[in-house]
Amino acid sequence: FERLCADAENGAGDTRRDLLERAVALYQGNLLDHDGDRDRDWALSPRERLRSKFLRAVTALAESQEHAGRTRKAVEWYLRGLEVDDLSEELYLGLMRVYRTLGRKAEAMRVYERCRKTLAAALGVGPSHELETLCRSLRQ
């Protein structure tokens, strides 16, 4: 997984996308999440490092599909990332943009509400200025 992610950093275009897709396919969730080792201190750093690499890979895949106009595939990648990290405003923002592009404002607004509620419940904060601005633009 890590080797593919590193190789993708040096790749471009279809090669980079292929490497990222192969890496993401290898990711099986949080390291040792299913074992009794979930709360062991030694597992925290590698777990977060791998999770972060997965999220960067998924975000890169989603954004590349979004920029290429493959919006349905971008939606799939953004949703895949949110399955792993439902606190990532970057993923919510991307998903809202894609739904707006598809003319699916109601779905974009549902994504915003999900983000707002999740951030409030987990962290006691509201969405970023950028998310709020996108939300306002959807209401117009």
Side-chain angles (χ1 to χ4, degrees):
F1 171 78
E2 288 188 279
R3 181 179 47 78
L4 288 169
C5 287
D7 290 348
E9 290 294 320
N10 299 319
D14 290 342
T15 301
R16 181 171 190 258
R17 188 189 70 241
D18 291 343
L19 290 167
L20 289 172
E21 286 180 358
R22 288 174 46 205
V24 166
L26 291 174
Y27 188 79
Q28 300 295 311
N30 288 331
L31 178 68
L32 301 176
D33 217 15
H34 56 282
D35 293 344
D37 295 324
R38 176 178 171 75
D39 296 322
R40 296 213 179 162
D41 290 342
W42 64 267
L44 294 175
S45 180
R47 178 184 302 131
E48 285 306 309
R49 185 185 74 249
L50 294 172
R51 186 172 169 276
S52 178
K53 286 182 181 191
F54 169 81
L55 291 169
R56 284 195 309 272
V58 167
T59 300
L61 287 165
E63 289 174 349
S64 72
Q65 296 298 326
E66 183 180 354
H67 295 304
R70 296 193 275 292
T71 51
R72 295 194 197 304
K73 191 65 177 169
V75 166
E76 291 175 24
W77 286 121
Y78 283 124
L79 290 172
R80 176 94 185 264
L82 286 169
E83 289 173 7
V84 172
D85 185 1
D86 64 349
L87 298 175
S88 172
E89 287 187 90
E90 182 177 17
L91 293 171
Y92 286 113
L93 188 63
L95 186 55
M96 288 174 65
R97 276 193 320 263
V98 173
Y99 281 144
R100 179 185 60 191
T101 299
L102 291 169
R104 294 160 57 179
K105 286 185 177 184
E107 286 181 75
M109 292 303 295
R110 278 197 299 274
V111 170
Y112 169 80
E113 283 301 317
R114 174 184 169 193
C115 175
R116 188 185 61 74
K117 289 176 182 177
T118 302
L119 292 175
L123 304 174
V125 300
S128 67
H129 176 71
E130 194 172 4
L131 267 165
E132 292 288 351
T133 300
L134 179 55
C135 178
R136 280 192 299 277
S137 77
L138 290 166
R139 290 183 176 138
Q140 297 174 353

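Hydrogens, waters and symmetry mates play no part in the numbers below; they use all other heavy atoms, side chains included. Counting from 1, the numbers follow the sequence of the chain as shown. Everything quoted here is computed from the prediction, not taken from an experiment.
- Contact annotation: the side chain of Cys115 never approaches that of Met96 to less than 4.5 Å [non-hydrogen atoms, C-beta and beyond].
- Every pair passing ring pair (Phe, Tyr, Trp, His ring centres under 6.0 Å) that includes a residue from residues 48-87 is listed here, sequence neighbours excluded: Tyr27-Phe54.
- Considering only residues two or more places apart in sequence or on other chains, Arg104 meets the salt bridge (charged side-chain N to carboxylate O under 4.0 Å, His left out) condition with Glu107.
- The two atoms that bring Leu61 and Ser64 nearest to each other are O-OG, 2.9 Å, heavy atoms only.
- With sequence neighbours left out, the side chain to side chain donor-acceptor pair (under 3.5 Å) criterion links Lys105 to no other residue.
- Looking at every heavy atom in both residues, Leu138 comes nearest to Ala108 through CD1-CB, 3.5 Å.
- Each ring pair (Phe, Tyr, Trp, His ring centres under 6.0 Å) pair with one or both residues in residues 107-138, not counting sequence neighbours, would appear here, but there are none.
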Note to self: Assess the residue pair Val24 and Arg80 against the criterion (side-chain contact (heavy atoms from CB on, under 4.5 Å)); give the C-alpha distance rounded to whole Å, side-chain angles, the decisive distance to 0.1 Å, and a yes or no.
What the structure shows: CA-CA 10 Å; Val24 166; Arg80 176 94 185 264; 3.4 Å; yes

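- Side-chain heavy atoms closer than 4.5 Å link hydrophobic residues (I, L, V, M, F, W, Y) into clusters, and following such links, possibly through other members, connects Leu134 to Leu79.
- Under the rule for a side-chain contact (heavy atoms from CB on, under 4.5 Å), the partners of Thr101 that lie at least two apart in sequence or sit in another chain are Thr71.
- Partners of Arg116 by side chain to side chain donor-acceptor pair (under 3.5 Å), not counting sequence neighbours, listed by chain and number: Glu113.
- Within the structure, side-chain hydrogen bond (donor to acceptor under 3.5 Å, both in side chains) pairs that include any residue of residues 52-63 comprise Glu2-Lys53, Ser52-Arg56 (at least two apart or interchain).
- Annotation: side chain of Arg139 is in contact with side chain of Cys135 (closest heavy-atom distance under 4.5 Å).
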Less than 3.5 Å apart, which donor and acceptor atoms pair up between the side chains of residues 87-94 and the rest of the protein, not counting sequence neighbours?
from: Ser88; atom 1: OG; to: Leu91; atom 2: N; distance (Å): 3.3
from: Glu89; atom 1: OE1; to: Ser128; atom 2: N; distance (Å): 2.5
from: Glu89; atom 1: OE1; to: Ser128; atom 2: OG; distance (Å): 3.2
from: Tyr92; atom 1: OH; to: Asp86; atom 2: O; distance (Å): 2.7

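- The heavy-atom pair separating Ala57 from Leu20 by the smallest distance is CB-CD2, 3.7 Å.
- The stretch residues 15-24 participates, sequence neighbours left out, in these side-chain hydrogen bond (donor to acceptor under 3.5 Å, both in side chains) pairs: Asp14-Arg17.
- Partners of Arg114 by side chain to side chain donor-acceptor pair (under 3.5 Å), not counting sequence neighbours: none found.
- Not counting sequence neighbours, Arg72 has no partner by the salt bridge (charged side-chain N to carboxylate O under 4.0 Å, His left out) test.
- By the neighbour-count criterion of 12 heavy atoms within 6.0 Å, atom CD of Glu132 is densely surrounded, having more than that number from other residues, nucleotides or ligands.
- Shortest non-hydrogen contact noted between Cys5 and Ala23 is SG-CB, 3.8 Å.
- The hydrophobic clustering, which links ILVMFWY residues whose side-chain heavy atoms are closer than 4.5 Å, places Leu119 and Val111 apart.
- The shortest heavy-atom contact between Leu55 and Gly81 is CD2-O, 3.7 Å.
- Under the rule for a side chain to side chain donor-acceptor pair (under 3.5 Å), the partners of Arg136 that lie at least two apart in sequence or sit in another chain are Thr133.
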